[in-house]
Amino acid sequence: MIRARLAGKEGEYAQGTTVLDVIKDIDKAALKNAVAVKVNGRARGFKDVLEDGEAVIEPIGSDTKEGLEILRHSASHVMAQAVKSLRKDARLAIGPAIEDGFYYDFDVDRPFTPEDLVAIEAGMKEIIKADYPFVAETFSSSDALALFERMGEPYKKEIIEELKADEVCVYKQGDFIDLCRGPHVPSTGWIKAFKLTSFAGAYWRGSEKNRMLQRIYGTAFASKQALEAHLTRLEEAKKRDHRKLGRELGLFSTSDDIGAGLTLWHPAGATVRRVIEDFWKAEHVANDYSLVYTPHIAQVGLWKTSGHWDFYRENLFSPMDVEGQDYIVKPMNCPFHIEIYKSGLKSYRDLPIRYAELGTVYRYERSGALHGLLRVRGFTQDDAHIFMTPAQLKDEIKGVLNFTLYILKAFGFNEFDIYLSTRPDKYVGELENWALAEDALKKALDSTGLAYAIDPGEGVFYGPKIDVKIKDMLGRAWQCSTIQVDFNLPERFDVTYRDETGAEKRPIMIHRALMGSLERFFGCLIEHYAGAFPLWLAPVQAIVMTVTDRNNAYAEKVRARLKQSGIRVELDMRNEKLGFKIREAQLRKIPYQLVIGDAEEKDGKAAPRAMGSKTFEPMTIDEFLSRVKDENRPLVAREGLQGNTLS
RNA sequence: GCCGAUGUAGCUCAGGGGUAGAGCAACUGAUUCGUAAUCAGUAGGUCGGGGGUUCAAUUCCCCCCGUCGGCUCCA
């Protein structure tokens, strides 16, 4: 006997009853918009037969996360069916739903081409039109192995063998058979809106030791409108691409003659960076950090002591010979800060000690990994290392976390994904210290009132950490800040302090970066603001433009006055029409344009126009300056929060 | 590093075995103009680099480099 509940109603059913039978009996309306159901919390298909006992049924809407996953998973099967019918050489690997879509990996003799993609899409449309039902069938593992052996599907066999289950589930639609745990939508006709987006090579099981397969990516949505909206979002993201804007706005470039992954900061980009750095330094001084500078190269022994030489050698640039000694360019700053600490005897009275540096480091990244400013071979970390007694850990972490959020908010980021990663299986340090550190991190997070996720066992071997990802205007998450407790380096470098009794003690170290790297953070800022930086960051904040050359002398005075007041200002006296000058300034995304014509000159004013299309009545320069005064500050300062800003 | 695509003027792109073309930008001149493109003219390229095939290569072949989409990595 099955006791089924749905939408607050109940019914009793005989054995062999399917989910669909129950829904039809209790509440047909629940079918609307649903792609599958949850039975007792587990996702199932409509045609699944219910087991004896209690069955709580909840529909899964096609617009929910779970519903979309099912829809996309089904779409990946349809794609695989289309590929199998078009390409006899294709053997199936895996085809899951992923964030924003799905993919399927195939082992093929000849890689796919763009034309293949078009043909596959057409094939999928046929299959959807034919509306084949998805039919689940349970096989014993040995029968399933035999089945996939007959079908010539070695990857499926490998998966079954690894499952080590007695029974496996197989889904069929039309003449297509695939190993799959389901659930699926009832039939292929349910896939209303899909699109294949790209294809690329991908290793079997993600390991480069394995054969490279060909992966096709696609996406599917509940409706054509939702798909369109998604594609529009992708277009929007493309428009904001920092590599494109970086070139158009003259922010940065790279050069073949210099080398991949090495960034040239052009004057406009360098100006933004300078503003960021000035703000960063002022805030660190205000928060009792000591700013330091350290060399770019050092003897390789430093990295042997730190352990990086053994662990991360493939990411270090090769050593250079200096009078018989091996030197490398630094991949990180920590050993230098430790050496500064160790240059004199430290007492518990000195702690905590906070060394901060905008330290430029070089790491060898494989060519295929490089990406704009986000993945480079030379970058500047906004690094700091804090040395403290175990008793100071809790307050220190709280301080660092608040400082982090303060800085990120200053740049206009207010949404975060926060992760706490705890002790992994392989670790160094005392259990009691790990407990102390994890507790301190957790308490600090709790005190912010922000939501966070715990990644159990995902900490680094040397200590637990907090990672903060910032969400940009399009809701994309960017990994920037990290706060890591380190029990390892103080040990390896024999870092000590003297306690109240004069005994030698081991300090705890925190390694932290707020923006992560200036390159990556800049890339993120560019995309967040689509290149239209807020006034305080804009490379050129205002441009004075004349209507005719009668106004040149007065315009020059206006420019001088603004410049004197600390505004980054340009003057456009070219013999061009005003509309042309406006257009160009808009394309350069300059926050304010100040129009100077005969009328303004006569009244000693200027007519401002803001980025976009907002125009203002003519005003005096003093009026303009007082109007933009607040805007020309980091965002947190405007909100009256703590902090010593550049005002 | 691997798979695939790609590299032609500053930018966006067309072309194609007989040493290259457009639009925008640049430069020169005319125009003195009021909130997103005034008109005309001029100049600009060892077709990513190297090697090979050929009477002849930017075009075909090979190698390398960069870039793009992924895989992998991200202390």
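So that the names make sense, note that chain A is the first sequence line, chain B the second, and so on, each numbered from 1.
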### Task
Between G44(B) and G21(B), how far apart are the P atoms? Round to whole Å, please.
13 Å

### Message
Counting the atoms with a prime plus P, OP1 and OP2 as sugar-phosphate, which does R363(A) contact under 4.0 Å by heavy atoms, base, sugar-phosphate, or nothing?
### Response
base

### Query
NA contact type, A260(A), heavy-atom cut-off 4.0 Å: base, sugar-phosphate, or nothing?
sugar-phosphate

### N/O donor-acceptor pair, side chain R366(A) with base U72(B), under 3.5 angstrom
yes

### Task
Give one of base, sugar-phosphate or nothing for G579(A), where a contact means two heavy atoms less than 4.0 Å apart.
sugar-phosphate

### Task
Flag the pair I98(A) / Y217(A) as yes when at least one side-chain heavy-atom distance between them is below 4.5 Å, and no otherwise.
yes

### Message
Under 3.5 Å, is there any donor-acceptor pair linking the side chain of Y203(A) to the base of G1(B)?
### Response
yes

## Note on the structure
Between R574(A) and M611(A), whichever has its closest RNA chain B nucleotide further toward 5' is R574(A)

### Task
Would you classify Q381(A) as touching base, sugar-phosphate or nothing, given that sugar-phosphate means primed atoms plus P, OP1 and OP2, and contacts are heavy atoms under 4.0 Å?
nothing

### Message
Just to be sure I understand the rule, does Y217(A) reach a base, reach only the sugar-phosphate, or reach nothing, if contact means heavy atoms closer than 4.0 Å?
### Response
sugar-phosphate

### Query
Checking all strands, does E314(A) fall into the base, sugar-phosphate, or nothing category for heavy-atom contacts under 4.0 angstrom?
nothing

### Task
Kindly say if H371(A) contacts the phosphate of C74(B), meaning a side-chain N or O under 4.0 Å from OP1 or OP2.
no

### Task
Fit a plane to each ring of F522(A) and F533(A), take the angle between them on a 0 to 90° scale, and name the class: parallel (under 30°), tilted (30 to 60°) or perpendicular (over 60°).
parallel

### Query
Taking the P atom of each, how far is G23(B) from G41(B), in whole Å?
11 Å

### Query
Q484(A) near the nucleic acid: base, sugar-phosphate alone, or nothing, with a heavy-atom cut-off under 4.0 Å?
sugar-phosphate

### Query
L213(A) near the nucleic acid: base, sugar-phosphate alone, or nothing, with a heavy-atom cut-off under 4.0 Å?
nothing

### Query
Rounded to whole angstroms, how far apart are CZ on F112(A) and P on G4(B)?
13 Å

### Summary
The correct set of residues in residues 95-108 of chain A placing a heavy atom under 4.0 Å from RNA chain B is none

### Message
Within the 4.0 Å heavy-atom criterion, would you say A585(A) contacts the bases, only the backbone, or no part of the nucleic acid?
### Response
nothing

### Task
I would like to know whether F112(A) and F106(A) meet ring pair (Phe, Tyr, Trp, His ring centres under 6.0 Å); could you show each step before the answer?
CA-CA 10 Å; F112(A) 295 111; F106(A) 304 95; 5.8 Å; yes

### Check: F493(A) ring centre within less than 6.0 Å of Y341(A) ring centre
no

### Task
Would you indicate what R243(A) reaches in the nucleic acid, counting non-hydrogen atoms under 4.0 angstrom: base, sugar-phosphate, or nothing?
sugar-phosphate

### Task
Identify whether any heavy atom of G206(A) sits under 4.0 Å from a base atom; if not, whether one sits that close to sugar-phosphate; answer base, sugar-phosphate or nothing.
sugar-phosphate

### Query
Across the strands shown, which category fits D256(A) at heavy-atom distances under 4.0 angstrom: base, sugar-phosphate, nothing?
sugar-phosphate

### Task
Answer with base, sugar-phosphate or nothing: what part of the nucleic acid does Y312(A) contact at a heavy-atom distance below 4.0 Å?
base

